[in-house]
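Take a look at the structure below.
Sequence lines set the chain letters: A, B, ... in the order given, protein chains first and strands last, and positions in each chain run from 1. Quick caveat, the model's predicted, so the values are computed rather than measured.
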Amino acid sequence: MSEASQSAGASADAPLIEPSVLERTLRAALRRGGDMAEVFAEDRQTSGASLDDRKIEELSSGRERGAGIRVVVGETTGFAHTADLSEQGLLAAAEAAAAVAREGGGGVRTVALPARRSALRHAEVLPASVPKARKLELLTRADDVARSSGGAISQVQVGYGDSRRRILVASTDGVLAEDDQVRTRLNVVCVATGDTGMQTGYESVARTVGFELFDTLDVDELARTAARRALSKLSARPAPSGEVPIVLAGGSGGILFHEACGHGLEADHIVKEASVYTGRLGEQVASPLVTLVDDGTIGAEWGNFAVDDEGRPAARNVLIDHGVLTDYMWDWLRARKVGRASSGNGRRQSYQHLPMVRMTNTFLLAGPDDPEEIVAQTPTGVYVAKLGGGQVNTTTGDFVFGTTEAYLIEGGHITEPLRDANLIGNGPEVLRRIDAVAGDFSMTPGTCGKDGQSVPVGCGQATMRITGVTIGGTAA
Amino acid sequence: MTELLDLAHAVVGRALPGEGVEVYVARGKDTEVRAYDGEIEQLATASSAGVGIRVVVPAGGEGNRVGFAWAGSLEPSVVDEVLRDARDNAAFATPDPDVVLAEPDGVPVAALDLWHPGFAETSTDRKVELALELERMVRHADPRVRQVDSADYGDASVEMAIASTTGIAATSRRTSAFLSVSAIASDGKGTQTGNGFSVGRAAAELDAERAADDAVARAVRLLGARKPRSGRITAVFDPRVVSTILSIVAGALSGDTVVKGRSIFAGRLGEEVAAQAVTLVDDPTDARAFGAARFDGEGLACRRNLLIDAGVLKGFVYDTVSARRAGAVSTGSAVRGGFAGTPGAGCRAVVLSPGTLDQGAILSDVGTGIYVQSVTGVHSGVNPVSGDFSVGAEGLMVRTGELAEPVREATVASTLQRMLLSIRHVGADIEWLPGTAAGQTLAVADMQLSGA
């Protein structure tokens with residue numbers, strides 16, 4: 001262990017801000033008036049390593065520490081942040097955030113914080129306590145295995161990253177909560193070169209745990225999967241164009257729900273009537289096979305936490321129940337607008353950002369069908385083994401999602417590999433066209449970007465079929 | 001800025017014998033105002049600062065090792081810790097003879113002033129007013145506008161300094177401001193959205209009316225859009241879409257991706273990679289470009305680099321390390337994502353030499369095709385290594401040389417390689433858009449349109 005990580009470890013368990021300082025800061029934030037003031041403090045330490053072109057290129061370590069202060073006055077939010085966690089720094093930020101309260105008349109307010117709600121972290125082995133050389137072994141191992149998967153593998157990139165994020169939230173709305181979030185990830189990108197040019201294959205594992213991730217993770221398998229994806233696409237033909245039946249393999253297919261309805265069910269879009277799902281609670285918006293859940297509490301998934309970035313406990317929320325829209329996802333601000341409680345979906349990228357409604361782990365519950373039967377009963381279509389990402393316009397419901405491993409289905413069999421392509425559909429229409437869901441459920445980690453902020457999320461589903469989606473290949 | 005450079009020099013002065021140290025420090029302030037429904041929804045103000053340090057140590061005769069660390073603070077005790085971390089990290093990298101810090105190369109620095117003198121004079125009240133005014137303009141522009149999702153004003157000022165044991169000493173500062181608005185239009189049967197924006201170096205340079213008009217026109221003209229029929233087609237891309245496409249092409253022209261065998265352009269210098277109408281340069285010394293800069297991410301002067309000349313591949317952009325690996329010299333093209341990022345090779349201000357036709361003339365020459373107003377899923381459907389290109393598209397069909405009925409829920413696809421060779425027209429209409437590439441109308445033949 002290096003000196004630096006030892007010293008960081010020693011300071012890591014002290015409270016980020018003393019309660020008395022928090023109280024004085026909140027009082028200052030409301031001095032000019034306002035309905036609610038909040039201090040969000042964060043201490044994030046990250047470390048990463050990258051291997052590329054057979055070399056450990058670089059190890060990096062980073063540290064960010066600061067607080068964001070929010071003052072809400074009617075419909076207006078004032079926000080300021082500071083990297084200075086001293087009382088002086090916090091008071092200056094409180095003053096800046098309070099500038100939105102122009103009317104004054106707030107006067108002196110007593111701020112009493114409740115008892116602190118602390119969360120236990122899941123990590124057993126803090127990554128900062130692991131020798132750097134041990135982390136690097138993972139990279140060289142993955143590189144070796146990927147390269148030995150086939151002579152056509154021409155380049156391999158391996159990335160390792162870990163982070164420890166301690167947060168503290170205190171608000172005049174009766175919140176005092178802490179969380180300690182440890183995340184660890186490993187990813188492999190392979191390039192294969194053949195007669196038709198180059199192709200890429202990607203695979204990653206990312207969990208909200210410490211370095212014990214590697215006690216059970218098969219790094220060799222991860223590397224082989226990435227290599228196999230690149231190699232198989234060397235003989236791939238162009239994806240078709242036009243509307244085709246699609247079978248999505250379990251796991252990354254969950255991106256479909258993240259885009260087709262996840263974003264559209266975020267209450268910030270709903271309250272502005274900027275979602276195709278506005279005003280549709282209680283309606284049948286999807287096939288009866290669809291039960292969609294957003295759950296920040298499950299296992300060690302990538303989108304997990306104990307409390308959200310507004311200090312509310314993570315929760316399990318059923319959004320669509322057998323095709324019927326049952327609820328949206330809420331943060332404090334949007335929940336207040338309609339007089340309900342937050343659903344634990346208030347998240348932010350860092351102390352430099354305002355929270356907004358975000359997904360956690362969003363997934364489709366497993367169904368009754370058999371995955372192999374679903375393929376066998378699809379005469380022609382496209383089998384998508386891995387999705388890479390997507391994007392949605394929540395207002396119109398139109399969304400895209402891209403394949404990184406896909407095959408033709410011919411005569412009920414998976415046949416030739418296809419080159420990468422995007423698929424495009426309209427959320428409510430696609431959700432109605434789901435006609436089979438299997439039981440082979442799995443989850444995939446991802447990074448979700450919204451309004452310039454990125455947060456870790458999980459997606460999941462079991463093998464399922466959509467009767468028709470437009471695929472954007474180059475074959476006529 | 002002198003203060004930042006002094007700080008950087010002070011850290012560099014603590015390098016151990018034989019050790020290379022590069023210190024990047026930056027400090028910034030920004031404001032963001034969001035208007036909604038005639039009120040201020042959010043007002044955020046912030047200042048931040050940070051440091052990123054690279055330490056390069058010799059590894060016997062095998063080359064050098066590099067380590068990196070950063071922190072979002074300039075507190076002396078934190079900076080000390082960052083230096084220690086970077087040094088500790090360096091011990092673990094693979095020795096590499098090409099890993100060295102940049103050295104001054106004598107290329108003169110462009111006379112660019114990216115700091116708008118009036119920047120600090122815009123009061124918070126004025127910023128608030130600008131956002132409210134923008135929202136009001138869009139709401140009242142057309143009866144079909146039923147909602148304004150957000151209307152934002154934002155600005156930022158950044159100062160940075162780089163110093164190193166190899167003699168680099170660079171400072172620069174810049175200001176920027178933007179307006180951005182998203183309109184939702186409805187005709188009772190359907191809903192469509194459109195965005196508009198304006199960027200400048202200060203509030204005084206912003207054109208709210210243009211941003212508002214753009215957002216409204218883009219939303220309204222898509223009303224009634226339907227899924228088009230699939231087929232081979234010529235696509236006329238809007239300047240904003242072209243900016244996105246060019247930034248992907250620029251990524252494949254990064255010397256780093258080329259030397260690592262991840263570029264569609266690797267090994268093709270001197271070959272015809274694009275239609276003859278295509279001449280592409282990266283010129284951060286052009287003050288009109290959003291990505292204009294005096295210094296690159298390693299403190300070398302930015303310069304104009306010719307990439308494609310009349311369709312022939314002429315060069316790549318390099319930072320110090322990728323240049324050595326390629327047996328070339330740095331083109332002053334190191335880019336880094338602020339103090340938390342390490343330098344890599346990349347373009348900042350890519351632009352195509354303008355053609356002679358404006359958009360109207362291009363449409364009339366194309367006759368039949370699709371005008372692509374916006375694309376989605378660029379990160380999920382464009383693979384810069386294989387060149388596969390497949391994006392969600394919305395826009396208007398082109399019939400008898402004019403914009404016709406609107407279309408949505410479609411994709412356009414090809415490969416980057418084929419698209420470059422199939423460029424029919426490069427517009428005369430350069431727009432200096434935010435990002436690493438300017439935009440202009442582009443007509444590309446032989447695309448696959450996928451819809452119903």
As an exercise: rank [options] by heavy-atom pairs under 4.5 Å with chain B and give me the winner.
{"options": "A/Gln157, A/Glu259, A/Arg44", "result": "A/Gln157"}
{"options": "A/Ser154, A/Ala93, A/Gly425", "result": "A/Gly425"}
{"options": "A/Gly242, A/Gly397, A/Gly48", "result": "A/Gly242"}
{"options": "A/Leu423, A/Leu136, A/Asp268, A/Thr82", "result": "A/Leu136"}
{"options": "A/Asp52, A/Val191, A/Val400, A/Thr396", "result": "A/Asp52"}
{"options": "A/Gln352, A/Glu243, A/His81, A/His269", "result": "A/His81"}

Inspect the contact between A/Asp451 and B/Arg34 and indicate whether a charged nitrogen and a carboxylate oxygen are less than 4.0 angstrom apart.
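Yes, this pair counts.
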Using 4.0 Å as the upper bound for N to carboxylate O, is an ion pair formed by A/Asp53 and B/Arg325?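 No, no charged N to carboxylate O under 4.0 Å.
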For this session: Taking the side chain as every heavy atom from C-beta outward, state whether A/Gln155 and B/Val385 have any pair of such atoms under 4.5 Å apart.
Result: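 A side-chain contact is absent here, since even the closest heavy-atom pair is not under 4.5 Å.
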**Q.** Heavy-atom check, side chain of A/Asn426 versus side chain of B/Arg408, under 4.5 Å
**A.**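 Yes, side chains in contact.
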Heavy-atom closest contact ([X] atom, [Y] atom, distance):
{"X": "B/Ala413", "Y": "A/Gly472", "result": "CB-O, 3.4 Å"}
{"X": "B/Gln448", "Y": "A/Ser241", "result": "NE2-OG, 3.0 Å"}
{"X": "A/Leu59", "Y": "B/Phe92", "result": "CD1-CB, 3.9 Å"}
{"X": "B/Gly261", "Y": "A/Met198", "result": "O-SD, 3.2 Å"}

- From CA spacing to verdict: side-chain contact (heavy atoms from CB on, under 4.5 Å), A/Lys233, B/Ser386: CA-CA 10 Å; A/Lys233 278 192 284 185; B/Ser386 66; over 6 Å; no
[X] and [Y]: side chain donor to acceptor below 3.5 Å:
{"X": "A/Asn393", "Y": "B/Thr193", "answer": "yes"}
{"X": "A/Thr200", "Y": "B/Asn383", "answer": "yes"}
{"X": "A/Asn422", "Y": "B/Ser390", "answer": "no"}

Which bit of [X] is near chain A, if near means a heavy-atom gap under 4.5 Å: side chain, backbone, both or neither?
{"X": "B/Gln192", "answer": "both"}
{"X": "B/Ala46", "answer": "both"}
{"X": "B/Phe339", "answer": "neither"}
{"X": "B/Ser263", "answer": "backbone"}
{"X": "B/Ser230", "answer": "side chain"}

Heavy-atom pairs under 4.5 Å with chain A are the metric here; pick the option from [options] that has the most.
{"options": "B/Asp37, B/Asn89, B/Leu74", "answer": "B/Asn89"}
{"options": "B/Glu394, B/Arg146, B/Gln417", "answer": "B/Arg146"}
{"options": "B/Asp388, B/Thr415, B/Leu449", "answer": "B/Asp388"}
{"options": "B/Val33, B/Val382, B/Thr411, B/Thr94", "answer": "B/Thr94"}
{"options": "B/Gly190, B/Ala410, B/Ala91", "answer": "B/Ala410"}
{"options": "B/Val259, B/Asp149, B/Val412, B/Ile264", "answer": "B/Asp149"}

Apply side-chain hydrogen bond (donor to acceptor under 3.5 Å, both in side chains) to B/Lys227 and A/Thr470, showing your working.
CA-CA 10 Å; B/Lys227 210 165 169 166; A/Thr470 297; 2.7 Å; yes
- Message: Treating A/Thr76 as the side-chain partner and B/Ile40 as the backbone partner, does any N or O pair qualify as donor plus acceptor under 3.5 Å?
- Response: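 Side chain of A/Thr76 to backbone of B/Ile40, a donor-acceptor pair under 3.5 Å: yes, one is there.
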query: Judged by atom type as modelled, is there a donor-acceptor pair below 3.5 Å linking the side chain of A/Ser61 to the main-chain atoms of B/Ala69?
result: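 Between the backbone of B/Ala69 and the side chain of A/Ser61 there is no qualifying donor-acceptor contact (under 3.5 Å).
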### Message
Are there over 12 heavy-atom neighbours, none belonging to B/Lys260, within less than 6.0 Å of that residue's NZ?
### Response
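Counting neighbours around NZ of B/Lys260, more than 12 heavy atoms of other residues, nucleotides or ligands fall under 6.0 Å, so yes.
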Just wondering, are more than 12 heavy atoms of other shown residues or ligands nearer than 6.0 Å to CZ in B/Arg232?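 Enclosed.
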- A/Thr46, part contacting chain B, at a heavy-atom distance under 4.5 Å: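 Answer is side chain: those atoms of A/Thr46 sit under 4.5 Å from chain B.
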Query raised in the report: Where does A/Val244 contact chain B at under 4.5 Å (heavy atoms): side chain, backbone, both or neither?
Result: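 Answer is neither: A/Val244 stays 4.5 Å or more from chain B.
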Pair listing, side-chain hydrogen bond (donor to acceptor under 3.5 Å, both in side chains) test, anchored in residues 39-51 of chain B, at least two apart =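 Listed by first then second residue: A/Lys272-B/Glu41.
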**Message:** Going by the rule side-chain contact (heavy atoms from CB on, under 4.5 Å), which residues pair with A/Thr278 if we only count those two or more places apart in sequence or in a different chain?
**Reply:**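 Testing A/Thr278 for side-chain contact (heavy atoms from CB on, under 4.5 Å), a comparison that skips the adjacent residues, returns A/Ile270, A/Glu273, A/Ser275.
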Where do A/Lys132 and B/Asp88 land on the salt bridge (Lys or Arg N to Asp or Glu O under 4.0 Å) test, with the steps shown first? CA-CA 10 Å; A/Lys132 290 174 181 174; B/Asp88 190 55; 2.6 Å; yes
Spatial distance of atom CZ (A/Arg65) from atom OG (B/Ser73) [nearest 0.5 Å]
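A/Arg65 CZ to B/Ser73 OG: 9.5 Å, rounded to 0.5 Å.
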